[in-house]
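We use all heavy atoms of the structure for the numbers below, so side chains are in, but hydrogens, waters and symmetry mates are not.
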Amino acid sequence: MSPIEPIVVREVDLEIRVTTPWGAGDQRIDYTLNSPSGAVDCVHRAIHGPRVGSPEVFRRQLFTKIEALQGGFDADGGVLLREDLPRELEAIGHDLYDQLFPPELQTIYRKYRDDLTSILIVSDESWIPWEIVRPYGHDGDDFLCLRFELSRWLAGRAPLVKGLRVRRLQAVATTAELVEAVDEVEQMERFFGAIGGVEGSFQTGASFQDLSDLLESHHLDLIHLVGHGTQEEDHTPSDSAIQLTDRPYRAHHLSGTVQLAAAVHRPFVFFNNCQVGRLSDTLTQVDGWPARWVQRRGCTGYLAPLWSVDDFTARRFSEVFYYHLAAGASLGRSVLEARRRVHAEGGDLMSLLAYSLYGHPNGQILIGDGQADRPLPPLPPPRLLPPPAQTQRPPHGPPTARPQVGSTPPAGSLNKARTPIQAAQTTPPQRRWAVPGAVAALLLVVVFWAVSPMFRDHTPDDPTVHGIIPPPDGETSSTPDETTTPARSKAQESTTPPPPATTPPPTKPQWPFPIAAPQKGKLVVLVLDDTSGTVDQELARAIESVLINELPSLAPSAPKVDASTVRRLLDGDSSVLPGHGKTPWGSERLLVASASRRSLPQGAAHLKSFSLSMQAQVIDAVTGSAIRRAASTQTGIGASANQALAQAAERCLEDILQFLKKETDE
């Protein structure tokens, strides 16, 4: 079944297309600004950006500096106190703003920043951490990811998916040695287990074969991994690894059957592992976990840290993110609220800035059956500070010795019963900002912080969290695009939480097409524009012309039909078909596709060129079952728009055309 839900989401306020063209012997950054929602007065407005030196060197130096800061040291290896970290992060963000935003772009930002809620950055570069760009000079300026619903996408094959209903999910703590990772999966089991319509598997420990089998599944809507992750600078981006019980699982293992599984079901993927949100350039393309999931697998969304994250902050971020998602918030809003709330609770700022989201910022990830009368499970109270018996995740690199939680399951145990949680061994707390030259002094501070009730019970002076979920103390909260609602008490929040998002049940179709007995060999083409949600009749006719040339015996046709019918067919809703020996237009087969296209510049003025991203399936018009699927992105060139689209469509549908030819011959 296709993951695309028949839902309507608001348009993005600002879409920034980032390109890095070469010209006159150097490389630069160029921007194209578009505002689908109309919040910004920009319609595909081109802005020439600065020239760049060596992006890969810059990326390596920047992430090395960030990892050092996360480890408690400045650029020169000197000791960095925790209270100095925000200033260092702001300096990095201001520098990125100065370098990346040319004067024209800065002017547009200052003019429209208060009108923006969501920003989507579509790029083909691998080295810019957009999340920590920090404009300055005006009240309210903040890191982009703490002010806006910010997400990314990679230019290429896969179009954005705006809706996904999660009915089947798998969460895995890839190693049992991280206490908070195991606890994170346990909390997910409690939370999702209380939501109707969700089938979940929650496991501790995984071997290489276990994880391979999981990722090759065609039936998962949500995949959540948590554990150790590494991206060594002297390795290729495809070697970025997740540590398992036997050997690492690397990004380049996401190929073959895993690609087919993701292309069919397009799950949402959350890898809560250090450094697995990074990209890097290879000889011909960008690579890394995001590229493998987004550009080559076409998942609905991918969420992961760019650098090392604090174990306790990572667990709490996951809790709050899923809570907002289940409450009906959009994908971008859920990530934004998780950053803000956990920051207000005292979470590690650098860890919260690390998370990079790929997906539609206004996309809806609907959890379970969406019944409004079922209350949402309460959000657990925060507990960010480590108790004396626990330690934190190391800042980066391979895993080190940890308190053992239970026993590590043997290989092949992923689909067996969970390893029981047992008492952790007591070890001294490790602080991320420990100073080798002043251990004695800091040890006193650490002990005082760990055991002091005043410190454990401390809450920020201003605990207000802006978003859809009221803060624990009952103060009111607000969002830039929502009406402020009265505050609720703690008891009210735990007993009457906001209901999960609901999708109204489909009404019985009135057959908005002629129906007749199916005629053998008759094929009907229906295409939905994935960007606008309307029927793309021009592309449907282009595909019809391809079929007439290749398979005239199928009597292909591209009749007009409403968008809701096509969308429901894409969703696998067979109730849209009449049944009882009748089919739409008397067809035997339906070729149904969702596609997005964009015009490409051509050197010859008389030629047209398009880049076409398409997901298509051949449906048995009698039973409603999909019998062949394909997903691809191709380009086409022709003397007319129809010819260019036909060429791109023929390339996208190559596998389906071969299948139809074989079926016709038989």
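In the model, Tyr136 has a side-chain atom that pairs as donor or acceptor with a side-chain atom of Asp98 under 3.5 Å. With 3.5 Å as the limit, one finds a donor-acceptor pair spanning the side chains of Glu67 and Gln275. If you check the side chains of Tyr112 and Asp13, you find no donor sitting under 3.5 Å from an acceptor. Donor-acceptor pairing under 3.5 Å is recorded for the side chains of Tyr322 and His224. Using a 3.5 Å distance cut-off with no hydrogens or angles, the side chains of Ser240 and Arg278 do not pair a donor with an acceptor. Neither side chain, Glu104 nor His48, offers a donor N or O lying under 3.5 Å from an acceptor on the other. Glu131 and Ser356 share a side-chain donor-acceptor pair at under 3.5 Å. Counted by atom type alone, Gln99 and Asp95 present one or more donor-acceptor pairs between their side chains at under 3.5 Å.
Salt bridge status for Arg113 with Asp115: absent, with no side-chain N to carboxylate O gap under 4.0 Å. Salt-bridge annotation for Glu90 and Arg87: absent, with no side-chain N of the basic residue lying under 4.0 Å from a carboxylate O of the acidic one. For Arg340 and Asp142, the salt-bridge test fails: no basic side-chain N is under 4.0 Å from an acidic carboxylate O.
A side-chain donor-acceptor contact under 3.5 Å links Glu125 to the backbone of Ile128. Under the 3.5 Å distance criterion, the side-chain polar atoms of Asp310 are matched with a main-chain donor or acceptor of Thr313. Remark: the backbone N or O of Arg134 is not paired with any side-chain donor or acceptor of Arg147 at under 3.5 angstrom.
With ring centers used as reference points, Trp289 lies 6.0 Å or more from Tyr302.
If you take CD on Glu184 and CG on Asp311, they are separated by 8.0 Å, rounding to the nearest 0.5 Å.
More than 12 heavy atoms of other residues, nucleotides or ligands sit less than 6.0 Å from atom CZ of Arg110.
Note: Trp130 and Phe101 have tilted aromatic rings, judged against thresholds of 30 and 60 degrees for the angle between ring planes. A tilted orientation is assigned to the rings of Tyr249 and Phe208, their planes being inclined by 30° to 60°.
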